[in-house]
J.: 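Just dropping this structure here.
Every heavy atom of this structure was used, including side-chain atoms; hydrogens, water molecules and symmetry mates were not. Not measured: the values here are computed from a predicted model.
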Amino acid sequence: MDAPAPHHPPPARRLVFTFPGQGAQHARMAAGLYGACEPFTATMDHAFDLLPGGSALREGWLADTPPARFDDITYAQPLLYAVDFALGTLLTEAGLRPDVLLGHSVGELAAATLAGVFTFDDGLRYLSQYVGVYRHAPPGGMLAVAAGPDEVDAHLVPGVVIGAVNAPRQVLLSAPEPALTEVETALRRAGLTCARARAAQPFHHPVMRDVAAARAGALTRPPLKAPHTTLYSARTGRELDDGTATDWRFWLGQPAEPVLFGPALRRLLSGGPHVLVEAGPGQSLTSLARRAPEVARGDSAAVALLPARAGAPEADVAAVRAALERLATLHGISPAPSPHS
């Protein structure tokens, strides 16, 4: 009689915090946690104390009807950075320690801050200067297209580039106007599904290099440290080495370079089982992760911390509690307390 085969427990899943970027913002994003969760509230208040016009940013964030320019860089970028970092702080205060951090666009700044590349204060100061520079970008935006890069190439017009590759059949095109409207019309005529992203500037477009070059002196360079937690980059599509993480040319060039979130996610998931937690507004990155084969077959898992869209104030607290409870049951994750006042 053959001896029974030895039982090998499944490998522990590594914990990944993911942080969304421009386009994920919406009115009152995560605002239900403000005043209900102490770590989140303290982090947001600190951000508003340091950011120029912080009181107006707080007012616009908490308003039921957001300001007309809510999707402009002057509102969206500082708020996304602060909310992403505050949610990452909430998770760490709840006892969760990420093995990997991965951000999309401005979410990569939040990931780098959690990884210790720069402090939150330095990140806020840099982002304030960043907004002051890139608000001079020409009017434009980004267009989400349900197609792969090869499919859209034939329809691109001069001035339009692929600004992000989020999944095998999900790209973002970037361009100033009127080129963006021109390519949108061409894509719709070709039968491709597309929708405007919530952005008023052509992020991840070469025009951003010219904008930065004209105002290079306005951006300071605070000290950078090697990340203490593994940091995957959606700019490079792979793990960020210490030399690149501590090179300000990498961070200063980020707004002009394409986002390779899809390739970064594929490389990450190919390395073994993971639990991905989206620490940001909405569920865009969770939706992308759930399309990955590793998540679809259950080897890895994807959890969103917040609802897909804004709801009643108590919905944010309920969503965080449910997410923490689910994380407590997933393999390799220690139980974590619910948020509290």
Side-chain angles (χ1 to χ4, degrees), residues 17-51 53-72 75-96 98 103-104 106-107 110-111 113-114 120 124 198 275-287 289-290 302-329 333 335-341:
F17 292 178
T18 66
F19 302 91
Q22 181 81 34
Q25 75 278 359
H26 59 77
R28 292 186 54 79
M29 54 182 175
L33 300 175
Y34 190 66
C37 177
E38 193 278 330
F40 180 85
T41 304
T43 304
M44 292 302 296
D45 281 341
H46 185 73
F48 294 131
D49 286 344
L50 262 66
L51 288 166
S55 296
L57 282 172
R58 182 194 281 111
E59 183 179 344
W61 172 53
L62 296 176
D64 291 329
T65 302
R69 293 177 61 81
F70 191 74
D71 294 333
D72 185 76
Y75 270 91
Q77 297 272 316
L79 285 176
L80 279 166
Y81 175 67
V83 167
D84 281 0
F85 180 78
L87 290 171
T89 301
L90 181 157
L91 289 171
T92 59
E93 290 288 329
L96 298 175
H104 189 294
V106 70
T113 308
L114 262 294
F120 188 43
L124 290 167
R198 299 187 64 175
V275 175
L276 299 108
V277 187
E278 184 169 4
Q283 299 182 3
S284 58
L285 302 186
T286 302
S287 296
R290 286 172 179 165
V303 178
L305 198 60
L306 291 174
R309 58 191 59 85
E314 60 271 18
D316 287 337
V317 173
V320 170
R321 284 179 176 152
L324 292 177
E325 288 170 5
R326 186 177 175 209
L327 289 169
T329 66
I333 305 295
S338 296
H340 55 80
S341 300

J.: Please walk me through it: do Gln25 and Asp71 pass side-chain contact (heavy atoms from CB on, under 4.5 Å)?
T.: CA-CA 7 Å; Gln25 75 278 359; Asp71 294 333; 3.0 Å; yes

J.: What closest approach, in Å, do Ala304 and Gln283 show between heavy atoms, and which atom pair accounts for it?
T.: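 Closest approach of Ala304 to Gln283: CB-CG, 3.4 Å.
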
J.: Given side chains that start at C-beta, do those of Pro281 and Leu80 come closer than 4.5 Å, heavy atoms only?
T.: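 SC-SC contact between Pro281 and Leu80 confirmed.
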
J.: Would you please name every residue forming a side-chain hydrogen bond (donor to acceptor under 3.5 Å, both in side chains) with Asp49, sequence neighbours left out?
T.: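 With sequence neighbours excluded, Asp49 shows a side-chain hydrogen bond (donor to acceptor under 3.5 Å, both in side chains) to no residue whatsoever.
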
J.: Side-chain donor-acceptor contacts of residues 305-312 below 3.5 Å, not counting sequence neighbours, with atom names and distances?
T.:
none

J.: Taking Gln77 for the side chain and Gly21 for the main chain, is one N or O donor matched with an acceptor at less than 3.5 Å?
T.: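 No; judged by distance alone, with no hydrogens or angles, the pair does not exist.
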
J.: With under 30° as parallel and over 60° as perpendicular, where do the rings of Tyr81 and Phe85 fit, or are they tilted in between?
T.: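 The rings of Tyr81 and Phe85 lie parallel, inter-plane angle below 30°.
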
J.: With sequence neighbours excluded, tell me which residues meet side chain to side chain contact (heavy atoms under 4.5 Å, CB included) with Ala47.
T.: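 Ala47: side chain to side chain contact (heavy atoms under 4.5 Å, CB included) contacts with Leu51, Ala82, Phe120, Leu124.
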
J.: Among residues at least two apart in sequence or on other chains, which ones pass side-chain hydrogen bond (donor to acceptor under 3.5 Å, both in side chains) with Arg290?
T.: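 Counting only residues at least two positions away or on another chain, Arg290 forms no side-chain hydrogen bond (donor to acceptor under 3.5 Å, both in side chains).
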
J.: Before giving the answer on side-chain contact (heavy atoms from CB on, under 4.5 Å), spell out for Leu79 and Met29 the whole-Å C-alpha distance, their side-chain angles and the decisive distance to 0.1 Å.
T.: CA-CA 9 Å; Leu79 285 176; Met29 54 182 175; 3.5 Å; yes

J.: Quick one: closest heavy-atom pair of His26 and Gly282, and the distance?
T.: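 Between these two residues, the closest heavy atoms are NE2-N, 4.1 Å.
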
J.: Find the distance between CG (Asp84) and CZ (Phe17) and round it off to the nearest 0.5 Å.
T.: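 Interatomic distance, Asp84 CG to Phe17 CZ, rounded to 0.5 Å: 12.5 Å.
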
J.: Nearest 0.5 Å, what's the CG-CG distance between Leu324 and Leu96?
T.: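 Going from CG on Leu324 over to CG on Leu96, the span is 6.5 Å.
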
J.: Please give me the minimum heavy-atom distance between Phe70 and Gly60, naming the atom from each residue.
T.: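 Reported closest heavy-atom pair: CE1-O, 4.1 Å.
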
J.: So, using side-chain hydrogen bond (donor to acceptor under 3.5 Å, both in side chains) as the criterion, who are the partners of Arg69 when residues are at least two apart?
T.: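 With neighbours one apart ignored, the set is Asp72.
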
J.: Show the numbers, then the answer: is there a side-chain contact (heavy atoms from CB on, under 4.5 Å) between Phe40 and Leu87?
T.: CA-CA 6 Å; Phe40 180 85; Leu87 290 171; 3.8 Å; yes

J.: Could you check whether any side-chain N or O of Gln22 sits under 3.5 Å from a backbone N or O of Arg198, counting only pairs where one atom can act as donor and the other as acceptor?
T.: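 Such a contact is found between Gln22 side chain and Arg198 backbone.
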
J.: For Thr286, enumerate each residue passing the side-chain hydrogen bond (donor to acceptor under 3.5 Å, both in side chains) test, keeping only those at least two apart in sequence or located in another chain.
T.: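 Checked Thr286 against side-chain hydrogen bond (donor to acceptor under 3.5 Å, both in side chains); matches are Glu278.
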
J.: Please lay out, stage by stage, how Met44 and Trp61 fare under the test side-chain contact (heavy atoms from CB on, under 4.5 Å).
T.: CA-CA 11 Å; Met44 292 302 296; Trp61 172 53; 4.0 Å; yes

J.: Please find the pair of heavy atoms, one from Ser284 and one from Ala24, that lie closest to each other, and give the distance.
T.: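 Answer, listing the atom of Ser284 first, then Ala24: OG-CB, 4.4 Å.
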
J.: With a 4.5 Å cut-off on side-chain heavy atoms, are Leu114 and Thr92 touching?
T.: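 Yes, at least one pair of side-chain atoms sits under 4.5 Å.
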
J.: Is any side-chain heavy atom of Val320 closer than 4.5 Å to one of Cys37?
T.: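 Side chain of Cys37 against side chain of Val320, heavy atoms only: no contact under 4.5 Å found.
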
J.: Where does the angle between the aromatic ring planes of Phe48 and Tyr34 fall among parallel (under 30°), tilted (30 to 60°) and perpendicular (over 60°)?
T.: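 Phe48 vs Tyr34 ring planes: perpendicular.
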
J.: Among Thr41, Val317, Val83, find the residue that satisfies the side-chain contact (heavy atoms from CB on, under 4.5 Å) test when tested with Leu33.
T.: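 Among the candidates, only Val317 passes.
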
J.: For the residue pair Val303 and Ala323, what are the closest heavy atoms and their distance?
T.: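 The pair with the smallest heavy-atom distance is CG1-CB, 3.9 Å.
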
J.: Can you name the nearest heavy-atom pair linking Leu285 to Pro20, along with the distance?
T.: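 Of all heavy-atom pairs spanning Leu285 and Pro20, the closest is CD1-N, 3.5 Å.
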
